[in-house]
Amino acid sequence: MTNIKSDYLVVGSGLAGLSLALKASNNGSVSLITKKKMFDSATGKAQGGIACVSEKSDSFEAHIRDTIVSGAGLCDEQMVERMVFEAPERIKELISLGVNFSKKDCSDAKFELALEGGHSKRRILHAGDITGNEIEHVLIGNIRKHKNIVVYENHIAVDLILDDGKMCRGAYVFDSENNNVEVFEAKVTALACGGAGRAYLYTSNPDIATGDAVAMAYRIGADIENMEFVQFHPTCLYNRETVSFLISEAIRGEGGILKLKNGETFMDKYSPLKELAARDIVARAINNELKVRKENFVYLDITARSRDFLTKRFPNIYLECLKCGIDISKDMIPVIPAAHFFCGGIAIDENGRTSIKNLYALGETACSGVHGANRLASNSMLECIVYAERVYKDSLQFLGKEYSRVDFKFTRNIITSKRDIFMSGWEEVRQLTWSHLGISRSNEKLLEAKRRIGVLKSEIEQYFEEDCFAVNEVELRNVVFISEMIVSSAINRKESRGAHFNTDYPFMLPEAKNTIININTK
Ligand code: SIN
């Protein structure tokens, strides 16, 4: 087994991983691993933008308040305050790296600010409707210039390595091009693998979102927090033929109205903020209407805006819809909610430290307390850059130390043939999460899901122990672990709050508590 040593091992190449790698390269050597190509990340697909107070008519207090209201009582207020106050500094850094946010017409100085659900002001910096694409390209360009960063594409982390002192010392990593397993040894390991939308049948996420970091951290005993809060984006394009394509919330910010098939509006029944209510409210409202009417989709109507405006502000959405025969300046867009963002993840402190020594987590992979039970739109990329800075500063202390030798043990074989259990497992787990762990849950559904996930997990673990895997199998194993964590956390929560709704406990309890799970204490 090859042993690749560096000061930092950064796992994941979205905004969190790339930002940290760039900063960490000032401290020491960095191995950046990513399971496909560098660009294949959830960031690359992000449409909306980054929330940041940048005009006098807005205030930090308002951004903090909106975040906390959206989080339904579970935000860590101190963490929210720090994130909001640090935002302008971190945005300046992105701009200095070369990121171009859209500016107002005829103005070089003023950003064009977008509005999304739950925000009381326009405060979202964006690059048209391909903000993530712009950021990802700029950061990758910068990463490639750094001698201190070695990028390993097509490398998927399989399991983390703990030494005798229960300190994380790196990861076993599968190189899928050469079909071998390598040891990546590091003084500091940072997990930034994004979320796990692919655990669900319908998701806005790219295929890589399989919760690898959370599953690996869970297996070595890290605390995992609030996994029941899976946020469903209200408006993904309804088109069962293709991967779910997101119709940005910014469309509703520009006047998009939700309508039933018969043309009636309905959001006024659910919130005075109507289409711009927090995401959990809008997703549940759509879900409810679909159930009552036994329909498959609702419409999003932005035809009140001109073709000129739409092609300029939303060029990508305009084109993608056109490919499906929908001219959004004339036709209403059929939409459904789909799994979008994990508000929970690996529990971290204010510096990004997990409960395992020398192991950090950041971005969607982590649960930092800034999102609570329901993330405010466009706060997620902000969280990535804020925590990259924190991890960078905090991790300095681990670099100068000497560490004991580790005995590396990785004995499984690599089998690249596709086996039935893994093919049918994907179908089974994604159907089950969609029907039993979706927008509306019940005690009966949760218990049934727990039983079926338990059976699937023991079968997969047995195969995985006997011999080994291809990438698809590593991912399915992780998705099954993630589903188990969602169900355990959802069963623990005897109330409805934010993105978690249980018909048997439809109300919120007076006291807001986080759900922590740990493999050693379950
Ligand atoms: C969107 O553009 O609607 C997604 C933005 C986000 O999830 O923050």
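Not measured: the values here are computed from a predicted model. FYI, side chains are in, hydrogens and waters are out, and symmetry mates aren't considered; it's all heavy atoms of this structure. The residues of the chain are indexed from 1 along the displayed sequence. First listed ligand is number 1; within each ligand, the first listed atom is number 1.
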Could you check ligand 1 for N or O atoms lying under 3.5 Å from protein N or O atoms and list the pairs with distances?
{"unit_1": "ligand 1", "atom_1": "2 (O)", "unit_2": "Gly48", "atom_2": "N", "d": "3.1"}
{"unit_1": "ligand 1", "atom_1": "2 (O)", "unit_2": "Ser248", "atom_2": "OG", "d": "2.7"}
{"unit_1": "ligand 1", "atom_1": "3 (O)", "unit_2": "His233", "atom_2": "NE2", "d": "2.7"}
{"unit_1": "ligand 1", "atom_1": "3 (O)", "unit_2": "Glu249", "atom_2": "N", "d": "2.6"}
{"unit_1": "ligand 1", "atom_1": "7 (O)", "unit_2": "Arg279", "atom_2": "NH1", "d": "3.0"}
{"unit_1": "ligand 1", "atom_1": "7 (O)", "unit_2": "Arg279", "atom_2": "NH2", "d": "3.2"}
{"unit_1": "ligand 1", "atom_1": "7 (O)", "unit_2": "His340", "atom_2": "NE2", "d": "2.7"}
{"unit_1": "ligand 1", "atom_1": "7 (O)", "unit_2": "Arg375", "atom_2": "NH2", "d": "2.8"}
{"unit_1": "ligand 1", "atom_1": "8 (O)", "unit_2": "Arg375", "atom_2": "NH1", "d": "2.8"}
{"unit_1": "ligand 1", "atom_1": "8 (O)", "unit_2": "Ser378", "atom_2": "N", "d": "2.7"}

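Between Glu112 and the options Lys104, Lys103, His126, a side-chain hydrogen bond (donor to acceptor under 3.5 Å, both in side chains) holds for only His126.
By the 6.0 Å and 45° rule, Arg82 does not stack over the aromatic ring of Phe85.
Looking at His436 and Arg441, their side chains never come closer than 4.5 Å, going by heavy atoms from C-beta outward.
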| field | Test log, rule salt bridge (charged side-chain N to carboxylate O under 4.0 Å, His left out), inputs Asp40 and Lys37 | value | CA-CA 5 Å; Asp40 293 312; Lys37 294 286 168 207; over 6 Å; no

| message | For Glu289 and Tyr270: C-alpha separation, side-chain torsions, deciding distance, then whether side chain to side chain donor-acceptor pair (under 3.5 Å) applies. | response | CA-CA 11 Å; Glu289 293 296 327; Tyr270 296 92; 2.6 Å; yes

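For the residue pair Arg375 and Cys343, the shortest heavy atom distance occurs at N-SG, 3.5 Å.
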